[in-house]
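The structure under discussion appears below in the form of structure tokens.
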Amino acid sequence: MIPVMKPWLDKEEAEAAAEAVASGWIAQGPRVREFEEAFAAAIGAPHAVAVSSCTAALHLALIAAGIGQGDEVIVPSLSFIATANAVRYVGAQPVFADVDLATQNLIPETVEPHLTGRTRAVILVDQAGVPADLDAIRALCDPLGVIVIEDAACAAGSTYRARPVGAGAVLAAFSFHPRKLITTGEGGMLTTPDGSIAARLRRLREHGMDISAADRHRSQQPIIERYTEVGFNFRMTDIQAAIGLVQLRKLPEMVARRRVLARRYQELLSDIRGLLMADDPPYGETNYQSFWMLLPEEPAVGRDDILRVFADTGISARRGIMAAHLEPAYADDKSDLPVTERLTERSLILPLFHEMTQAQQEHVASVITTALTPAMSAP
Ligand SMILES: Cc1ncc(COP(=O)(O)O)c(C=O)c1O
């Protein structure tokens, strides 16, 4: 079976995790701190705060931005459901905006109609690793005092205007789930240029404590901690951070490899008329976290039919990005999002992983070509 994604892990990560275990300190500690510093340097952000997942990162970002009951937050429905759910966690209302067809991301034209006096934030997703046009969204939102939080869950290693994605955001959230490039099993990171926001995020991830357990442990004198506000246990472990440090060093090579593989797909599939594929936007480069393709209208081959052919021929693919407003959890939402609905119903994600071979890619491409050119497949 050709998997849709396979993390690029080897002995080095296993050894790093074993060293953390042998050190006797496996909860959040020095390796988390080191991972934060290395990640901040890689992104070009002054501060990075590690957490247990990107979902937790988005939750804390919204709290740090002061979002709560009665506020509206504009989000793409076309995203993993965590983006919308985080808004609900803080008691605010997610307002779904449509996306651009080529990038699958929010653009000013789709955000603007949803701005109201209650809009307090926009969560801008770099969907599937394709960078969103942050400056364009900020040009719309900054004058209104609407904060833009970047959901860069998929985008570690992508670039926006020649800088790493996340570098230009007030708050950016990353994921280290195994479907992403860098993985720590589960895990997330927040980056911010603001030192006081970073300090609050550090307290919030640890029950609102004014001094971390690791710092208390290191102190020669007894320290009585204070709980400054109601926080959470969103800590990352040192075992995860040890793996993350190794993965982060491999990130440039991961991105370079995925870009070569993506180009090969684009070439192999270039003869299929009307097929739209993941690609770089004019202002940046994607890490191709997911290589998606949108099926042409003609021939009217169904997305699920292709997924079935894939399964029958040993290929593990996925439907395209989900749309939260079509899920039972958001059944009360009556948004009309034509581009989102077309993308979610007619797109799919092809296998793409570091160690994928040319023969595997050619197999995937030939299955697609046969399925989408019925005349050629006829006896
Ligand atoms: C756009 C987006 N946001 C948030 C998340 C949630 O990330 P995590 O699984 O680390 O909580 C994901 C995960 O797939 C995602 O794709």
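Keep in mind it's a predicted model, so treat the numbers as computed, not measured. Reckoned from all heavy atoms, side chains included, excluding hydrogens, waters and symmetry mates. Along the sequence shown, residues carry numbers from 1.
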- Task: Supply the atom-to-atom distance I272 CD1 to M293 CE, rounded to the nearest 0.5 angstrom.
- Result: 7.0 Å

- Query: Once you round to the nearest 0.5 Å, how far does CG of L337 lie from OG of S77?
  - Reply: 5.5 Å

Partner residues of [X] under the salt bridge (Lys or Arg N to Asp or Glu O under 4.0 Å) criterion, sequence neighbours left out:
| X | result |
| --- | --- |
| E341 | none |
| R303 | none |
| D304 | none |

- Message: Can you list, by chain and residue number, the hydrophobic cluster partners of L326 when the side-chain cut-off is 4.5 Å?
- Response: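 Its cluster mates, by chain and number: none.
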
- Going by chain and number, the hydrophobic cluster around V230 (ILVMFWY, side chain to side chain under 4.5 Å) further includes none

Only distances under 3.5 Å count here; give the side-chain donor-acceptor pairs of residues 253-260 to other protein atoms, sequence neighbours excluded, each with its distance to 0.1 Å.
unit_1: R257; atom_1: NE; unit_2: H354; atom_2: O; d: 2.8
unit_1: R257; atom_1: NH2; unit_2: M356; atom_2: O; d: 2.6
unit_1: R258; atom_1: NE; unit_2: Y288; atom_2: O; d: 2.8
unit_1: R258; atom_1: NH1; unit_2: L352; atom_2: O; d: 3.2
unit_1: R258; atom_1: NH2; unit_2: Y288; atom_2: O; d: 3.0
unit_1: R258; atom_1: NH2; unit_2: Q289; atom_2: O; d: 2.9
unit_1: R258; atom_1: NH2; unit_2: L352; atom_2: O; d: 3.2
unit_1: R259; atom_1: NH1; unit_2: D280; atom_2: OD1; d: 2.9
unit_1: R259; atom_1: NH1; unit_2: D280; atom_2: OD2; d: 3.3
unit_1: R259; atom_1: NH1; unit_2: T286; atom_2: O; d: 2.9
unit_1: R259; atom_1: NH2; unit_2: D280; atom_2: OD2; d: 2.8

Side-chain polar contacts of residues 241-251 - donor-acceptor pairs under 3.5 angstrom, sequence neighbours left out - could you list them?
unit_1: Q247; atom_1: OE1; unit_2: T183; atom_2: N; d: 2.8
unit_1: Q247; atom_1: NE2; unit_2: W8; atom_2: O; d: 2.8
unit_1: Q247; atom_1: NE2; unit_2: E13; atom_2: OE2; d: 2.9
unit_1: K250; atom_1: NZ; unit_2: W8; atom_2: O; d: 3.1
unit_1: K250; atom_1: NZ; unit_2: D10; atom_2: OD1; d: 2.9
unit_1: K250; atom_1: NZ; unit_2: E13; atom_2: OE2; d: 2.8

- Where at least one partner belongs to residues 21-60, residue pairs that pass ring-ring contact (aromatic ring centres under 6.0 Å, His included), sequence neighbours excluded: W25-H217, F35-F176, F39-F174, F39-F176, H59-Y89, H59-F232, H59-F234

- Item | Pairs meeting criterion ring-ring contact (aromatic ring centres under 6.0 Å, His included) with involvement of residues 248-279, two or more places apart | Y265-F291

Salt bridge or not for [X] and [Y], using N-O below 4.0 Å?
| X | Y | result |
| --- | --- | --- |
| D279 | R263 | yes |
| R342 | E297 | yes |
| E36 | R205 | yes |

Check residues 95-102 and write down every donor-acceptor pair under 3.5 Å in which the side-chain atom is one partner and the other belongs to a residue at least two apart or another chain.
unit_1: D98; atom_1: OD1; unit_2: T340; atom_2: N; d: 2.8
unit_1: D98; atom_1: OD1; unit_2: T340; atom_2: OG1; d: 2.6
unit_1: D98; atom_1: OD2; unit_2: V339; atom_2: N; d: 3.0
unit_1: D100; atom_1: OD2; unit_2: T103; atom_2: N; d: 3.1
unit_1: D100; atom_1: OD2; unit_2: T103; atom_2: OG1; d: 2.7

- Write out all pairs satisfying salt bridge (Lys or Arg N to Asp or Glu O under 4.0 Å) with one or both partners inside residues 54-81, taking only residues at least two apart or from two chains. D71-R120, E72-R118

- Pairs flagged by salt bridge (Lys or Arg N to Asp or Glu O under 4.0 Å) wherever residues 130-149 is involved - sequence neighbours left out: D133-R161, D135-R161, R138-D142

I'd like to know if the side chain of [X] pairs up with that of [Y] as donor and acceptor (distance under 3.5 Å, no hydrogens or angles considered).
| X | Y | answer |
| --- | --- | --- |
| E229 | Y227 | no |
| D151 | T83 | yes |
| D333 | S335 | yes |
| E267 | S270 | no |

